[in-house]
**Q** 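Could you have a look at this structure, given as C-alpha cells, before my questions?
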Protein chains: 2
Amino acid sequence: MAAVRTYVHPETGEISLPRVLFALSEPLRLEMVRKLAEEGELDSIELGPDLPRSTLTHHTSLLRESGVAFVRAEGRKCMISLRAEDLDLRFPGLIDTVLSGYKSARAEESDDETRGSGVEQ
Amino acid sequence: MAAVRTYVHPETGEISLPRVLFALSEPLRLEMVRKLAEEGELDSIELGPDLPRSTLTHHTSLLRESGVAFVRAEGRKCMISLRAEDLDLRFPGLIDTVLSGYKSARAEESDDETRGSGVEQ
DNA sequence: TTGATTGTGCGAATATTTTCGCACTATGAT
DNA sequence: ATCATAGTGCGAAAATATTCGCACAATCAA
C-alpha cells in the first residue's frame with residue numbers, strides 16, 4: 001500500500017495578499033516564481049538545483065501555503081506549478097505586474113554589469 | 001541655527017522589487033500605504049495614531065528606505081506621501097494592482113463579518 | 001530485496017524583524 | 001527661557017524567518 005504524499009493548499013478565496021507579497025519578497029522565491037511562470041510545471045530540483053533539500057522544501061512549502069504555487073507528488077518527484085489563474089482571480093494583474101517589473105529590473109542589472117565591466121558580447 | 005531633519009530616499013531607478021514587496025507584505029504598512037494612496041500626504045501620527053512613536057518611526061523609515069514613501073520635515077511634523085509616480089515608472093501598475101487587490105479582499109472580509117454575525121446596516 | 005533517488009520533518013543555529021521604553025533633539029507656542 | 005509636542009536613534013527583548021544536517025519515508029529500478 002502507499003500513503004501517497006498529499007499537500008494542502010489554500011482555496012482561491014482564502015489567499016491572503018500580505019502572505020503572497022511576503023512570499024514574493026524573497027529573492028530566491030521570486031526567482032522560483034519567475035521560472036514557474038516561464039517554464040510551466042517544474043519538479044523541485046529544477047527549481048533550486050543548488051539548494052540543500054530541506055531548504056528547498058521550506059521555500060516550496062511557503063509558496064504552496066501562501067497560495068502562490070500548486071504542488072503535487074509525481075512518483076518520487078514533487079511537481080510544482082504557479083497558481084496563475086487562481087492568483088489572477090483573487091488579485092487581478094498582480095502576478096503579471098510583479099513578474100514584468102522583476103524582468104525589467106533584471107534586464108537593467110545585466111545592462112549595468114555589461115557596461116560596468118566593459119564586457120562586450 | 002538649525003540642523004533641519006533630512007531624509008535619504010533611494011532614486012527611482014534604484015528601487016528594489018523584493019524590498020518593495022517586503023514593505024507591502026506587512027499588514028500595518030500595507031494599511032499605511034492604502035491611507036496614503038487615498039488621502040494623499042499625511043503626517044505620521046495620522047498614519048498610525050495608536051502606535052508608539054518609535055514603532056511608527058520604524059515603519060515609516062522602512063517605507064522610505066524601500067522607496068515606497070517620501071518623507072519630509074514640516075515644522076515638528078513629519079509629512080509622508082506615497083511615491084506613486086516613481087513606483088509606477090519603476091514597476092508599472094504594481095501599486096495599483098496591490099491596492100485594488102487589498103481593497104477587494106478587505107471588502108470581502110467585511111462581507112464575511114456582516115453575514116457571519118447577522119449584522120445588517 | 002537491495003540500493004539509489006527524492007522529498008519530508010525535526011531541531012538547532014543564525015539572522016532578521018518587530019516592538020517599544022527611554023533619553024535626546026528639534027520645533028513652535030507662551 | 002520654558003514648556004509641550006513630534007520625531008529620532010539606541011538598545012534590548014521577543015517573535016519570525018532562514019538555513020541546513022540528519023534521520024526517515026516513499027518510490028523506482030535492478
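Each chain gets a letter, A, B and so on, in the order its sequence line appears, and its residues count up from 1.
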**Q** From the options A:Arg72, A:Glu74, A:Glu46, select the one residue that forms a side chain to side chain contact (heavy atoms under 4.5 Å, CB included) with A:Glu41.
**A**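 When A:Arg72, A:Glu74, A:Glu46 are each tested with A:Glu41, the side chain to side chain contact (heavy atoms under 4.5 Å, CB included) holds only for A:Arg72.
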**Q** Consider the side chain of A:Pro52, meaning its heavy atoms from C-beta on, and name the nucleotide among D:dG21, D:dT18, C:dT18 that approaches it most closely.
**A**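 Side chain of A:Pro52 sits closest to D:dG21.
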**Q** Think A:His59 has a side-chain N or O under 4.0 angstrom from the OP1 or OP2 of D:dA17?
**A**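 Answer no for this pair, as no side-chain N or O of A:His59 is under 4.0 Å from OP1 or OP2.
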**Q** Just to verify, which of B:Arg5, B:Met79, B:His9 counts as forming a side chain to side chain contact (heavy atoms under 4.5 Å, CB included) with B:Val71?
**A**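 With B:Val71 as partner, side chain to side chain contact (heavy atoms under 4.5 Å, CB included) holds for just one option, B:His9.
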**Q** Taking the nucleotide of DNA chain D with the nearest heavy atom to each, does A:Phe22 or B:Arg64 sit closer to the 5' end?
**A**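 First, find each residue's nearest nucleotide; the 5'-ward one identifies B:Arg64.
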**Q** May I have the distance from B:Arg19 (atom CZ) to C:dT17 (atom C1'), rounded to whole angstrom?
**A**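 Distance, rounded to whole Å: 13 Å.
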**Q** Rounded to whole angstroms, how far apart are CZ on B:Arg72 and P on C:dT27?
**A**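 In whole Å, C:dT27 P lies 14 Å from B:Arg72 CZ.
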**Q** Touch check for B:His58, heavy atoms < 4.0 angstrom, all strands: base, sugar-phosphate only, or nothing?
**A**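 Touches a base.
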**Q** Looking at A:Arg29, I'd like to know whether one of its side-chain N or O atoms comes within less than 4.0 Å of OP1 or OP2 on D:dT18.
**A**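 Yes, A:Arg29 has a side-chain N/O under 4.0 Å of OP1/OP2 on D:dT18.
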**Q** Whole angstrom is fine here: how far is it from CZ in A:Arg53 over to P in D:dA23?
**A**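 Spelled out: CZ on A:Arg53 to P on D:dA23 is 17 Å.
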**Q** Tell me whether the side-chain N/O atoms of A:Arg76 come closer than 4.0 Å to OP1 or OP2 in C:dT5.
**A**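 For C:dT5, neither OP1 nor OP2 has a side-chain N or O of A:Arg76 closer than 4.0 Å.
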**Q** B:Met32 pairs by side chain to side chain contact (heavy atoms under 4.5 Å, CB included) with which of B:Leu51, B:Leu82, B:Leu24, B:Ile80?
**A**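 Of all the options given, the one that passes is B:Leu51.
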**Q** Need one value for B:Ile45: base, sugar-phosphate or nothing, where a base atom within 4.0 Å counts as base even if backbone is also close, heavy atoms only.
**A**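 If one applies the 4.0 Å heavy-atom cut-off, B:Ile45 turns out to touch the sugar-phosphate alone, with no base involved.
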**Q** Between C:dG7 atom P and A:Leu62 atom CG, what is the distance in whole Å?
**A**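 These atoms are roughly 18 Å apart.
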**Q** At 4.0 Å (heavy atoms only), tell me whether B:Leu56 reaches a base, stays on the sugar-phosphate, or touches nothing.
**A**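 Touches nothing.
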**Q** Could you give the CG-to-P distance, from A:Asp43 to C:dT6, as a whole number of Å?
**A**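 So the CG-P distance, A:Asp43 to C:dT6, works out to 8 Å.
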**Q** Hey, is the side chain of B:Tyr7 poking within less than 4.0 Å of OP1 or OP2 on D:dT8, counting only N and O atoms?
**A**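 Yes, B:Tyr7 has a side-chain N/O under 4.0 Å of OP1/OP2 on D:dT8.
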**Q** Specify the separation, in whole Å, of atom CG of A:Leu30 and atom P of D:dT18.
**A**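 The distance from CG of A:Leu30 to P of D:dT18 comes to 13 Å, rounded to the nearest Å.
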**Q** Measuring from atom CG of A:Leu30 to atom CZ of A:Arg34, what distance do you get when rounded to the nearest 0.5 angstrom?
**A**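 Going from the CG atom of A:Leu30 to the CZ atom of A:Arg34 covers 9.0 Å.
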**Q** Students often get this wrong, so: under 4.0 angstrom with heavy atoms, is A:Ser44 touching a base, only sugar-phosphate, or nothing?
**A**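 Sugar-phosphate contact only.
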**Q** Which nucleotide sits closest to the side chain of B:Ser54: D:dC20, D:dG7, C:dC20?
**A**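 Closest of the options to the side chain of B:Ser54: C:dC20.
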**Q** Look at atom NZ of B:Lys35 and say whether more than 12 heavy atoms of other residues, nucleotides or ligands are closer to it than 6.0 Å.
**A**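 Atom NZ in B:Lys35 is crowded, with more than 12 foreign heavy atoms closer than 6.0 Å.
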**Q** Would you mind reading off the distance between A:Glu74 atom CD and D:dC28 atom C1', rounded to a whole angstrom?
**A**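 Rounded to whole Å, this separation is 13 Å.
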**Q** Do we see a donor-acceptor contact under 3.5 Å between the side chains of B:Ser44 and B:Thr60?
**A**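 No donor-acceptor contact under 3.5 Å links the two side chains.
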**Q** What nucleotide, of C:dT8, D:dT8, D:dT19, holds the atom closest to the side chain of A:Thr55?
**A**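 Among the listed nucleotides, the one closest to the side chain of A:Thr55 is D:dT19.
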**Q** Could you check whether B:Ser61 gets within reach of a base, just the sugar-phosphate, or nothing at all, counting any heavy atom under 4.0 Å?
**A**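 Here B:Ser61 touches no strand at all.
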**Q** Check the distance between C:dT19's C1' and B:Asp50's CG and give it to me in whole angstrom.
**A**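 Value for this atom pair: 15 Å.
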**Q** Is B:Thr57 near enough to D:dG7 that one of its side-chain N or O atoms lies under 4.0 angstrom from OP1 or OP2?
**A**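 Indeed not, no polar side-chain atom of B:Thr57 lies that close.
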